[in-house]
Amino acid sequence: VEGNGQLHLFYQYNPHGAFHGTIHWGHAVSQDRVHWQDLPVALAPTPGGPDAGGCWSGCAVDDGGTPTLLYTGVMPQVVCRATGSPDLVTWAKPADNPVIAGPPAWLRAACAGDFRDPFVWRADDGWHLIIASHIANAGGCVLHYRSPDLAQWEHLGVLLNGDAQARTPVWTGTIWECPNLLDFGDRQALIISTQGRPNDLLYAFYHCGRLDAGLFDPDPPRILAHGPAGEALYAPQVTRLADGRYLLFGWLREGCSDAQCLAAGWSGVMSLPLLVTLQPDGVLALQPDPALQQLRQRHWHFAETDLAAGHDQLLPGIAGDCLEIIATFAPERAGEFGLKLRCSPDGREHTGIYVRGDRLVLEREHASLDVGVHRDDCTAPLTAAPGEPVTLHIFLDRSVIELFADGGRTLLTGRIYPTLAESLGVALFSHNGAARLLAFDIW
């Protein structure tokens with residue numbers, strides 16, 4: 001949330017260790033959306049209170065100059081409220097919590113207590129809130145509420161129902177979380193995170209459509225961001241900047257073991273700050289915030305380079321585990337092409353980024369010599385026509401890869417954990433056919 005010319009980021013935090021439990025709201029602040037300063041914990045569970053089991057996800061709004069948080073208290077899952085000081089550092093919980101004491105009566109027996117992650121906005125007729133739940137043997141659902149004061153809430157009905165039996169075009173799972181509604185004027189987008197079964201976190205998907213008189217008329221669902229099973233960008237949250245743009249952060253989970261997270265002392269990272277735009281065909285595009293360009297340091301540039309079929313070309317003098325890369329390829333014959341990151345000098349370790357026809361592939365079979373690290377690959381669709389140039393925009397940040405294609409219409413994320421300290425090289429390749437590198441920039 002923006003406040004006093006700064007961006008405040010709240011996140012799920014366990015002060016007792018790198019595992020899920022005793023959830024607080026961690027707090028950080030940034031002047032430029034890139035460099036961050038830790039602030040004191042914003043919310044902590046209140047013993048004996050409705051959030052005694054944890055302060056789970058929610059959102060922040062400006063209530064006539066009063067910073068206000070609406071969040072999930074557990075257990076049971078209810079909606080709580082907190083109000084903040086002007087600098088958003090100190091927060092107090094009103095005595096009337098919870099402001100919504102659980103799901104509506106008709107849903108209680110069917111939702112197994114799942115009722116979480118309120119998202120709130122202001123409209124002409126008052127405050128509106130949506131919250132995620134599910135209906136047993138049916139699928140996820142988003143409930144809709146309205147309030148004049150953020151304290152007294154009226155249940156208006158179901159904004160959207162899922163169908164757990166439908167597998168195409170996207171399986172929307174069985175339990176929904178973290179709904180976010182983005183308003184683009186005559187069109188809206190509803191982003192939802194889904195589970196396949198309890199605690200089986202899948203991915204975020206979205207519906208574009210029209211919200212009119214409390215009714216949402218959705219287009220078919222689409223995946224928001226692709227990634228390996230269990231590691232895809234999850235639980236994204238959006239805020240609207242002062243200039244009207246939507247900024248999104250997602251949660252990137254680990255691909256290593258719980259024991260490794262405990263040994264490291266931390267678990268999970270936030271994604272890059274991503275700007276969200278609605279394309280004319282109803283696709284949400286995610287692009288890295290241009291503010292990230294201030295991280296660019298030494299620069300290498302190549303152009304108009306042929307990549308011979310079957311040959312990996314290790315780039316001399318270029319190495320690193322924190323890189324930004326923009327590469328544009330032109331395929332000359334059918335085959336696959338791309339680049340490899342975190343390459344060891346002997347080639348034993350590397351992470352491949354492949355363009356295979358209409359698919360983008362993150363190949364991790366050789367990303368780590370550690371047998372305890374996940375190695376599954378992941379693919380995402382590409383919309384470029386056969387023979388058209390393909391531009392990849394890649395951010396490598398040690399264990400994190402965020403890969404953008406099709407002007408942000410495709411985002412593929414993954415985690416890698418190379419074992420060898422010397423796995424820092426970058427290589428280009430073309431297999432089963434030649435390709436041409438039109439432009440290559442790396443910072």
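- With sequence neighbours left out, the side chain to side chain contact (heavy atoms under 4.5 Å, CB included) criterion links Ile223 to Val170, Tyr203, His226.
- Under the ring-ring contact (aromatic ring centres under 6.0 Å, His included) criterion, Phe395 pairs with His393, not counting sequence neighbours.
- By the side chain to side chain donor-acceptor pair (under 3.5 Å) test, Asp370 pairs with Gln260, sequence neighbours left out.
- Take Asp200 and apply the side chain to side chain donor-acceptor pair (under 3.5 Å) test, not counting sequence neighbours, and it matches Arg197.
- Remark: Glu304 CD is packed, more than 12 non-hydrogen atoms of other residues, nucleotides or ligands lying under 6.0 Å away.
- Partners of Asp219 by salt bridge (Lys or Arg N to Asp or Glu O under 4.0 Å), not counting sequence neighbours, listed by chain and number: Arg187.
- In this pair, Phe205 and His207 present their aromatic rings perpendicular. The plane angle is above 60°, beyond the 30 to 60° band.
- With sequence neighbours excluded, no residue forms a ring-ring contact (aromatic ring centres under 6.0 Å, His included) with Tyr206.
- Residues passing the side chain to side chain donor-acceptor pair (under 3.5 Å) test with Asn161: none are found, sequence neighbours excluded.
- Glu363 meets the salt bridge (Lys or Arg N to Asp or Glu O under 4.0 Å) test with no other residue; sequence neighbours excluded.
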For residues 282-294, tabulate all N or O donor-acceptor pairs below 3.5 Å that involve a side-chain atom, not counting sequence neighbours.
unit_1 : atom_1 : unit_2 : atom_2 : d
Gln287 : NE2    : Gly407 : O      : 3.0
Asp289 : OD1    : Arg33  : NH2    : 3.2
Asp289 : OD1    : Ala291 : N      : 2.9
Asp289 : OD2    : Arg33  : NE     : 2.5
Asp289 : OD2    : Arg33  : NH2    : 3.2
Gln294 : NE2    : Ala291 : O      : 2.9

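- In this structure Asp441 satisfies the salt bridge (Lys or Arg N to Asp or Glu O under 4.0 Å) test with no other residue, sequence neighbours excluded.
- Residues passing the salt bridge (Lys or Arg N to Asp or Glu O under 4.0 Å) test with Arg81 are Asp96, sequence neighbours excluded.
- In this view, Ser344 and Asp346 satisfy the side chain to side chain donor-acceptor pair (under 3.5 Å) rule, not counting sequence neighbours.
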